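Notes to accompany the following structure.
Residue numbers run from 1 in the order of the sequence given. Each ligand, and each atom within it, is numbered from 1 in the order the structure gives. Please read all numbers here as calculations on a predicted model, not as lab measurements.
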Amino acid sequence: MGRYLVTGGAGYVGSHTVLALRDRGEDVVVLDDLSKGHRAAVPQGVALVSGRCDDRAVLAEAFARGPFDAVLHFAALSLVGDSMREPLRYMAENLNTLAAVADATVKSGCRKLVMSSTAALFGFPERIPIDEQQGHAPVSPYGESKLMCEQALAWAERIHGLRYASLRYFNAAGADPEGRAGEDHDPETHLLPLAIDAALGKRPPLMVFGTDYPTPDGTGVRDYVHVTDLADAHLRVLPLLDTRSVRYNLGNGTGYSVREVMQAVERVGGRPVPHELGPRRQGDPAVLVASSALLRAETGWTPRFPALDDIVRTAWDWRVAHPQGYAGAKALAPA
Ligand code: UFG
């Protein structure tokens, strides 16, 4: 069994990956400043080092719990919309954090790092589905920040021999099928949790951002991939780092429009999704759908929850079971 450092392990995708590592019997240390993550999302038996990833003293404390077989770096700012308002903060913070974590990884003697990257680095894609051959032309500072991070890792590989996996997530969605973790952002900006909360009457009607896209029903199309399947991909790329670095696009390969997601919530929840039609959101491409053919071929990754209704059901069940999200949640049962 191995030992892994997970930055951002109290956040949404990070916490589900911690569960996947623990389910496999691995030792895990989480490094998280809890600015977006939740203490209650860190399972019992997992050490939490609380602090910022770009703080040398905090990094020293985390790496003192090693040696680690690999570092999984999730901690980042990740909202396209926010990055259009605060471009410099996004570029600086995401690159600084990655550089500090990669530097500490190399200095600790570890040479393996997995980083959360994003579909947003493709900008307005040339063709759908998006494979790894497509050019990078981000249309948001968020996408640009992750492209810079990928480039920094490529230099760290050439100069320090750091092997890395960069996983370009499409739209992470859903919750742990066993109900141990879920999605809880503050403020929440993501489509599925907002649609669920609107249906439950916990929020105002959902605002549909744009109805004039060149898509079949005029609303934006995204590739929603179950967060547990995303987590599984992280485990599958680890053995590859013995011999090489990899970059993979990570999605289901099917696109669903905003209207189709609302309809899925209505089917699963049995209630209408109150909504209003609004203008486009700045920085949003019309369609983002992944080709994960390379990841599938090279790692055997296959999503367990490819169906939109199954993704929505796990998210719905978690939200109904946790009406306040993690607020007031007791520490989770041992993972
Ligand atoms: N949308 C709405 N109303 C809302 C929120 C979203 O209509 O209130 C629409 C968006 O316009 C988009 C779709 O729903 O068409 C999905 O939007 P999200 O905000 O849920 O997710 P994004 O596609 O903006 O971004 C997510 C992650 C990014 C990642 C990107 C990759 O937050 O980190 O997926 O596709 F880069």
Side-chain angles (χ1 to χ4, degrees), residues 8 11-14 36 74-85 90 94 115-125 128-130 134 136 138-147 149-150 166-174 183 185 187-199 202-227 230 249-265 273-292 308 311-312 315:
Y12 176 44
V13 184
K36 304 213 172 49
F74 295 90
L77 301 171
S78 65
L79 298 176
V80 172
D82 280 0
S83 81
M84 300 299 281
R85 289 182 286 275
Y90 261 70
N94 282 351
M115 186 189 75
S116 309
S117 187
T118 177
L121 56 77
F122 293 105
F124 299 120
I128 297 292
I130 305 170
Q134 283 209 31
H136 307 138
V139 294
S140 68
Y142 169 58
E144 189 79 47
S145 74
K146 287 292 182 174
L147 184 54
C149 289
E150 289 200 359
S166 180
L167 299 177
R168 286 88 169 255
Y169 306 160
F170 283 62
N171 288 56
E183 183 167 15
H185 297 107
E188 187 54 79
T189 63
H190 294 95
L191 175 63
L192 181 53
L194 289 177
I196 289 173
D197 275 6
K202 294 161 65 97
R203 285 184 197 265
L206 177 76
M207 181 62 72
V208 176
F209 294 146
T211 52
D212 59 349
Y213 283 108
T215 59
D217 68 20
T219 65
V221 169
R222 294 290 182 274
D223 180 332
Y224 296 91
V225 53
H226 197 285
V227 64
L230 274 189
N249 295 355
L250 181 41
N252 266 325
T254 309
Y256 292 100
S257 70
V258 173
R259 285 189 208 277
E260 287 174 314
V261 171
M262 291 195 302
Q263 287 158 6
V265 171
V273 176
H275 62 277
E276 290 169 11
L277 305 181
R280 295 183 182 191
R281 185 173 61 179
Q282 244 195 327
D284 269 353
V287 182
L288 288 174
V289 177
S291 165
S292 289
L308 182 60
I311 295 173
V312 171

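Side-chain atoms of N94 never come within 3.5 Å of backbone atoms of A76 as a donor-acceptor pair (strictly under, hydrogens ignored). A donor-acceptor pair under 3.5 Å is formed between the side chain of D223 and the backbone N or O of N252. In this structure, D217 contributes its side chain and T219 its backbone to a donor-acceptor pair below 3.5 Å.
Sorted by chain and number, the residues within 4.0 Å of ligand 1 by heavy atom are S78, T118, A119, A120, Y142, Y169, F170, N171, T189, H190, L191, L194, L206, M207, V208, F209, G220, R222, Y224, V258, R281, D284, L288.
Salt bridge annotation for R203-E188: absent, with no cationic side-chain nitrogen under 4.0 angstrom from a carboxylate oxygen.
Each of I128, V221, I130, T118 was scored for a side chain to side chain contact (heavy atoms under 4.5 Å, CB included) with L288, with one residue passing: I130.
Partners of S292 by side-chain hydrogen bond (donor to acceptor under 3.5 Å, both in side chains), not counting sequence neighbours: none found.
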